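Computed from a predicted structure; not experimentally measured. Quick note on labels: first sequence line is chain A, next is B, and so on, each numbered from 1.
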Amino acid sequence: MNGKTWIARPGTVSLLALAALLLVVLPAVLDIFRLNLVGKYLAYAFVAVGLVMLWGWGGVLSLGQGVFFGLGGYAMAMFLKLEASDLESTKIQSTPGIPDFMDWNQLTELPFWWEPFKSLPFALVAVLLLPTALAFVIGFAMFKRRVGGVYFAIITQAVALILTVLIIGQQGYTGGVNGITDLKTLLGWDIRTDSAKLTLYYVCALTLLATIAFGMWVQRSKFGTLLLAIRDKEDRVRFSGYDVAAFKVAVFCAAAALAGVGGAMFTLQVGFMSPSFVGIVPSIEMVIFAAVGGRSSLVGAVVGTLLVNTGKTLLSETFPDLWLFLMAALFIGVTMALPDGLAGLVENKFKPWWQRCQADRRSLKKHLAAADISGE
Amino acid sequence: MGLSEMFNIALMQGFAGISLFSVLLLMALGLAIIFGQMGVINMAHGEFMAIGAYTVFLASTLTEKFLPSLIQVYFPFAIVAAFCFSFVAGWVAEWSLIRHLYKRPLDTLLATWGLSLALQQTFRSAISPKEVSPTLPDWLMGSWAPTEGLDIPINGMFVLALTTLVTAGVMIALYRSRWGLRVRATVSNRSMASAIGINTKKTDRLTFAIGCGIAGIAGAAFTTIGSTGPTSGSLYIVDAFLVVTFGGAASLLGTVASAFVISQTQSISEFFMTGSMAKVLTLCLIVVILMIRPQGLFATKVRR
């Protein structure tokens, strides 16, 4: 096996560097507003990490990760919304005790499937289980029948469209285009204060780092090796007696669960959830985050997410027109010139160059030393 | 199928369903060539349609300004121009981007998504960030009322006629012409096609450009139905992909059939529920059927 297929092998060094950046450097240099933005990007990074496992290692491209992100985010938002709509704060409504958008849409009671979201444990389980269950259904149906590649991408894209149309169409139950807004407290803890934002940032960053560490462990395990093998020569793995479909379903579910966690983190830090994070465009953008960072490197995906989002935020503020062109150039450039993303650039270009430099220096030293001896 | 029979079907299903059918089919035809035949995931397909639509808009603006007497006849020429512009754009896109990515089909998706972003911003900066509509000739307006209580919009009939024409043209070109023979040979076995002397690179470029040109015709036709904005291309793209995939990627007949099935499901279910729920139902149905029958309705039997 050549070096390229193994790019960005599990690197404890890069993980530690990322941890130092997220936990020490960024909180030290950024104010709480910017740090909150970074926290939002880190929520996306969960999706990117899931995509690395699914796409970079498993070779399956999903264009519907926004669906799972949205399911996790909405599950969290529903809990927070119910907490924010207690009888006291909704007493001016015609039906107190239900979320405001339901009242606006002439609903007189809470829909039965909203009821269980009054409990935090249920909501937390839903954050993980809703995306996983949907991913299992889709993945099982598709991978068992050996549907992959392009077809899988298009079907996941259709699922993203379905969910968006559904959320927007069922305004009374979902908040429609505006989404679920005005989220205030988590079990009485005001999530809009600066200290809460700081805490949530650390929770998000630590969870992400733990996820990456776990992902690196997976990559070293037999499961990770088999995923790479499936990506590179699926038939051969199948003929060796492995159930390829089961592996793909498993990794698809894992990626979906991660996206769900990311969605929940996003809702907590941003304070609302809307269909604009669910549809086709955000789903493809999430793929781009992973692609820019390096589709087979976990740390790379996080770096890619941070870079693209920072660029988007900074540039779209100052040059709203230029930003889309830059984004386009980034997609095209990365796809054409850097198929392994930034991580591939580091691994394939920078590291060999650095090693060559080191070797040159050593041999130069040796020469000089030899010259010194012979000169005397 | 006789004319009276057609008329009966139109009465039964409602002309709206037929009209939606022709829209979907016209949208999907170019993609059936690019994605179905060549296997390139062209996410910029909607933007090539927008190029066609903007061509008509420009043509109508120019005609109004310089040759107002020709406003009744400019439209067919504008459609031809739309084909040409999209054709050239497709040619350039193939030359600069796509040809490097034939071995990595999923990467064509990313690159063409970037292309579509760039085109959208170009429309926004160069033409207008708002929706525009061309001035249409009078003969395209209004509706045709053969009997009392039956109104058939003329623009819908125009799109239907154009779709029939273009579909027939593509069918003939693909299955009766030398180009079609080369395309089908290149698609089924590239190295063999190249070995027997087909210039596969040239074939690819021409095929991609023709697919884009047809997208341009579709976009031009849709100016008779609705306005065009920088992002209107992206509204069509998923539908177009689903039509092609649902029909069975490499089968043109499948594309026609799937456009028909999808449009009828959509328009019939619209009787019973809101438009958005009808859309959800239709999409769910497509996804479920695709899960059961992943190769689409009309899968070509090929050994791979």
| query | For B:Phe85, does the CZ atom have more than 12 heavy-atom neighbours from other residues, nucleotides or ligands under 6.0 Å away? | reply | no
| message | To the nearest 0.5 Å, what is the distance between CZ on B:Phe241 and CD1 on A:Ile155? | response | 13.0 Å
| query | So which part of B:Leu101 gets closer than 4.5 Å to some heavy atom of chain A, the side chain, the backbone, both or neither? | reply | side chain
| note | The interface call for A:Ala141 against chain B, heavy-atom contacts under 4.5 Å, is both
| request: Tell me, for B:Leu110 versus chain A, whether the close heavy atoms (under 4.5 Å) come from the side chain, the backbone, both or neither. | output: both
Under 3.5 Å, what donor-acceptor pairs does chain B form with chain A?
unit_1	atom_1	unit_2	atom_2	d
B:Arg104	NH1	A:Thr335	O	3.3
B:Arg104	NH2	A:Thr335	O	3.4
B:Asp107	OD1	A:Arg295	NH1	3.4
B:Asp107	OD1	A:Arg295	NH2	3.3
B:Met291	O	A:Arg145	NE	3.3
B:Ile292	O	A:Arg145	NE	3.1
B:Ile292	O	A:Arg145	NH2	2.9

| Which bit of B:Ile237 is near chain A, if near means a heavy-atom gap under 4.5 Å: side chain, backbone, both or neither? | neither
| field | Reported CG-to-CD1 distance for the pair A:Leu61 and B:Ile41, which is rounded to 0.5 angstrom | value | 7.5 Å
| message | By the definition side-chain contact (heavy atoms from CB on, under 4.5 Å), identify the one residue from B:Val238, B:Val244, B:Leu242 that meets it with A:Ile154. | response | B:Leu242
| Non-hydrogen side-chain atoms of B:Leu109 and A:Leu63 separated by less than 4.5 Å | yes
| request: Under 4.5 Å heavy-atom distance to chain B, tell me which part of A:Met142 shows up: side chain, backbone, both or neither. | output: side chain
| request: Sort B:Met291 into side chain, backbone, both or neither according to what part of it lies under 4.5 angstrom from a heavy atom of chain A. | output: both
| request: Pick one of side chain, backbone, both or neither for A:Ile284, based on which atoms fall under 4.5 Å of a heavy atom in chain B. | output: side chain
| note | By residue number, those in residues 325-332 of chain A with heavy atoms under 4.5 Å from heavy atoms of chain B are A:Phe325, A:Met327, A:Ala328, A:Phe331, A:Ile332
| field | Heavy-atom proximity to chain B below 4.5 Å, by part of A:Ile162 | value | both
| Which region of A:Val287, side chain (C-beta onward) or backbone (N, CA, C, O), has a non-hydrogen atom less than 4.5 Å from a non-hydrogen atom of chain B, or is it both or neither? | side chain
